[in-house]
Each structure stands twice: as C-alpha cells, then as structure tokens.
2 protein chains.
Amino acid sequence: MQERRTPDRRKQVTEAAALSFARFGYKGTTMDQVAKLARVGKGTIYTFYANKEELFDEIMNGLICDLRVVADETLNPSLPFADNLMNVLHRVLDYRDRHALAAKLSQEVRDIGTPHAKQGLEAVERALVGYIARHVKEASEKGEIRACDPELTAYMMLKMYLALTDDNHHSHPPLGKEEVLAHFRFYCIEGLAIR
Amino acid sequence: MQERRTPDRRKQVTEAAALSFARFGYKGTTMDQVAKLARVGKGTIYTFYANKEELFDEIMNGLICDLRVVADETLNPSLPFADNLMNVLHRVLDYRDRHALAAKLSQEVRDIGTPHAKQGLEAVERALVGYIARHVKEASEKGEIRACDPELTAYMMLKMYLALTDDNHHSHPPLGKEEVLAHFRFYCIEGLAIR
DNA sequence: GAAATGACCGAATTGTTATTTTGGTCAGTC
DNA sequence: GACTGACCAAAATAACAATTCGGTCATTTC
C-alpha cells in the first residue's frame with residue numbers, strides 16, 4: 001500500500017506513458033515527455049522499465065486486458081456459437097477502433113510504418129485470435145461445430161470477418177451489422193455446399 | 001501490315017516498356033530509358049501514349065490477359081467447382097508470383113510503396129475477382145453451389161485462399177497444396193456446421 | 001506535311017552537410 | 001537508496017545544392 005506522503009512513482013509513469021502513447025503514438029512519445037507528464041525525473045522511468053519498448057509493452061498489455069474484459073462482458077453462454085462470435089468480434093473491433101491508443105497506432109503504421117507500433121498491433125491481433133481459438137475449441141468439444149484446428153479456424157474467422165467489413169472492396173457498399181452476421185454465417189458456418 | 005522499311009514504332013515502344021517495367025519497376029523506369037531501349041526518340045512515345053501512366057496501363061492489361069489465358073487453360077469442365085477454383089487460384093497466383101513484372105511491382109510496393117505500382121496490382125486483383133465471380137455465378141446457376149452474390153463470394157474466396165497460404169500466420173508452418181485444398185473445402189464449401 | 005526527334009524546361013527527387021532531438025546513463029542530491 | 005537532471009553518442013530532421021525525370025515543341029527527316 002502507498003501512504004499519502006510517498007506517491008506511487010510507477011503508477012505516475014505508467015499512466016503518463018499511456019496518455020502520451022495514445023495522444024502522440026510510439027514515435028511521437030519521448031521519454032522526456034513522459035517524465036515531464038509524470039512529474040518525475042527521467043531516470044526514474046528506467047527504475048521500472050529497462051527501455052522505451054518495455055514501457056510500451058506494458059501499455060499494450062493494458063489494452064489487451066481491456067479488450068478481453070469487453071469480450072467477456074459481451075459473451076452470452078445461452079447464445080449459439082456463431083452469434084456469440086459475431087457479437088464479440090463486432091464489439092471488440094469496434095472498441096479497438098475507437099480506442100485512442102489503437103487508433104493512433106494504426107494511423108502511425110499507415111503514415112510512417114513505425115515497426116514498434118506495428119508489432120504492438122500484431123500482439124493485439126494475436127491475443128484476439130488466441131481468445132477466439134479458445135472458444136472455438138470449446139464449441140467444438142461441446143459438439144456445436146465440427147472438429148477443427150482451433151488456432152487456424154480462429155485465424156480464418158478473423159480474416160473472413162475483416163474481409164466482410166472491409167470497405168476497401170469498392171464494388172460493395174459497407175455492409176450493416178445484420179448483413180455481416182448473415183454473410184458470416186453463410187460463408188463460414190453453413191458453407192456453399194448444396195445440402 | 002508493316003513493310004520492311006517502316007518499322008512499327010508502337011510495337012517497339014510497347015515491348016521496350018514491358019521489358020523495362022519488369023526489370024526496373026514503375027519508378028525505376030524512365031521515359032528516356034524506354035526511348036533508348038526502343039531505339040526511338042522520346043517524343044515518339046508520346047505519339048502513342050499520353051503519359052507514363054497510360055503506357056503502364058497498357059503493359060498491365062497485357063499481364064491481365066496473360067493471366068486469363070493461364071486461368072482458361074487450367075479450367076477443366078469435368079471437375080467439380082471447388083477443385084477447379086483451387087487449381088485456377090493455385091496456377092494463376094503462382095504464375096503471377098513468378099512473373100517478372102508482377103514480382104517486381106510487389107517488391108516495389110513493399111519497399112517504397114509506389115502508388116502507381118500498387119494501383120496496377122490492385123487492377124490485377126480486381127480482374128481475378130471478376131474472373132472467379134463469373135465462374136461462381138455459373139456454378140450457382142448450374143446448382144453446383146448455393147445461390148449467392150457472385151462478386152462478394154469471389155472476393156471472400158480469394159481472401160480465404162490468401163489467408164490459408166499466408167505464411168505470415170507464424171503458429172502454422174506453410175501448408176502444402178493438398179492441405180490448402182482440404183482446408184479450403186472444409187472452411188468455405190462445407191462449413192463448420194454439424195450436418 | 002506527317003512522322004519522328006532530342007534539346008530544353010520546371011518540378012520533383014536525391015545527395016550532402018549542419019543542427020537538433022532522443023533514448024539511455026550516471027555522478028551527485030535529498 | 002530513491003530520485004534527479006545534466007550529459008553523451010546516435011539517430012532524426014532541416015536546410016540547401018545538385019541531379020534527374022516527365023513532358024513539350026521547334027526543328028529535321030523522309
């Protein structure tokens with residue numbers, strides 16, 4: 001526990017870093033900046049984090065935790081697998097896109113391709129695939145869907161969802177939530193085979 | 001018809017351009033270079049093509065034609081839809097990857113992101129989706145697969161194939177041709193639903 | 001006189017050097 | 001011994017010079 005007279009330096013640093021990364025991106029955040037925001041000497045940061053990258057990783061882990069909370073809150077055990085999956089994808093990706101940190105990092109990758117920012121976002125994607133994979137495995141064990149490789153299936157599902165919501169495919173106007181759900185069920189769950 | 005004493009300037013220019021774009025990429029190809037390769041004054045190029053972009057488009061259309069020929073040659077009407085689709089995707093994408101022009105342009109987009117090169121490759125992708133879409137429509141009318149939006153379905157299929165062959169998904173080693181076919185059929189044609 | 005040419009032009013790119021900024025350290029303070 | 005900020009080498013940026021490139025057009029060629 002922290003007493004009144006001994007402010008928690010680590011917390012100050014971490015919160016300042018989260019703020020700065022979200023506002024200015026990875027490259028735009030300087031250690032001097034973080035120290036000033038945290039009202040802390042620059043050297044103090046290096047007491048808790050070996051370098052800028054480690055500090056960034058801590059912040060990204062925070063984002064990933066937030067996303068898992070959102071996902072778990074969305075999950076409704078009484079719904080069928082496909083509906084749950086779609087709801088989670090919708091909510092999580094929407095949350096991610098609106099989250100200042102993720103949004104800033106995406107822009108940074110697009111505009112200047114900062115490698116660290118790219119790796120950070122990839123870590124988020126891996127976490128998401130892992131989360132889906134666990135639920136795919138569960139659903140497959142429960143007999144809700146056919147047996148399959150959970151990791152690969154989760155990866156494919158994410159890619160399909162992204163393809164469906166990708167407005168880059170010019171010939172189609174962006175699909176609404178219900179349309180996306182219907183198409184996702186059609187392509188991924190039911191399949192194109194005649195039955 | 002061209003007589004011996006009046007060489008076909010347009011052909012000279014077009015062939016020189018094809019060679020140069022394939023060897024040096026869009027940015028690396030200069031109009032002076034093309035003129036010299038074609039043994040033609042630079043001004044002559046502008047008699048046939050309004051600018052560099054138009055010349056490039058002509059060359060890209062040639063590539064797209066080549067790809068269609070490859071696709072048509074691969075097509076075997078006596079095979080089921082899924083097999084034909086996989087064979088075409090395999091052959092066409094393999095041909096494309098080995099084609100000097102396409103390979104050079106991909107590298108150029110990766111390394112320096114030349115917008116014109118990117119647009120050129122997107123045109124190839126659109127042509128491929130269009131080609132698949134026509135065959136999806138046909139298969140759906142013949143009752144080989146369920147009714148669906150051909151364009152969207154073609155787009156989804158391409159994305160799924162690319163996801164399956166993408167060795168970027170680190171947790172899996174690159175899949176062999178037979179594995180890709182099996183997984184493609186599993187995810188896209190049959191679906192995950194219990195039957 | 002139509003077809004073909006290449007010297008020429010401004011814009012854009014590239015090369016070069018000077019200046020500033022940044023991640024990280026560490027001697028010293030409290 | 002927790003904490004600080006002046007300090008350093010390396011990397012990023014700015015400023016400027018030099019070159020290259022797409023496109024034009026007056027002139028030449030046939």
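In what follows, chains carry the letters A, B, and so on, assigned in the order in which the sequence lines appear, proteins first and then strands, with residues in each chain numbered from 1.
Between the side chains of A:Thr74 and A:Arg91, at least one donor N or O sits under 3.5 Å from an acceptor N or O.
Residue B:Leu55 comes nearest to B:Val13 through the heavy atom pair CD1-CG1, 4.3 Å, listed as atom of the first residue, atom of the second, then distance.
Extent of DNA chain D lying under 4.0 Å from chain A heavy atoms, first and last nucleotide in 5' to 3' order, is D:dC3 to D:dT13.
With values rounded to the nearest 0.5 angstrom, B:Met156 atom CE is found 10.5 Å from B:Lys159 atom NZ.
The end-to-end axis angle of the helix from C:dG1-D:dC30 to C:dC30-D:dG1, rounded to 10 degrees and based on five pairs per end, is 10°.
Listed in residue order, the members of residues 105-115 of chain A having a heavy atom less than 4.0 Å from DNA chain D come to none.
Note that A:Arg10 lies in the cation-pi zone of A:Tyr49, set by a 6.0 Å cut-off to the ring centre and a 45° limit from the axis.
Residues passing the side chain to side chain contact (heavy atoms under 4.5 Å, CB included) test with B:Arg110 are B:Ser106, B:Gln107, sequence neighbours excluded. Annotation: salt bridge (charged side-chain N to carboxylate O under 4.0 Å, His left out) contacts of B:Asp83 (sequence neighbours excluded): B:Arg185. Scanning for ring-ring contact (aromatic ring centres under 6.0 Å, His included) contacts around A:Tyr95 gives A:His99, with sequence neighbours left out.
Note on residues 75-94 of chain A: pairs passing ring-ring contact (aromatic ring centres under 6.0 Å, His included), not counting sequence neighbours, are A:His90-A:Tyr161. For residues 127-141 of chain B, every residue pair satisfying the salt bridge (Lys or Arg N to Asp or Glu O under 4.0 Å) rule, not counting sequence neighbours, is listed here: B:Lys137-B:Glu141, B:Glu138-B:Lys142. Residue pairs meeting the ring-ring contact (aromatic ring centres under 6.0 Å, His included) criterion with at least one member in residues 115-134 of chain A, sequence neighbours excluded, are A:Tyr26-A:His116, A:Tyr131-A:His135. The list of side chain to side chain donor-acceptor pair (under 3.5 Å) pairs with a residue in residues 58-69 of chain B, not counting sequence neighbours, is empty. Residue pairs meeting the salt bridge (Lys or Arg N to Asp or Glu O under 4.0 Å) criterion with at least one member in residues 24-46 of chain B, sequence neighbours excluded, are B:Asp32-B:Lys42.
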Protein-proximity profile, nucleotides 23-30 of chain C, B/S/- by nucleotide at the 4.0 Å heavy-atom cutoff, equals BBBB----
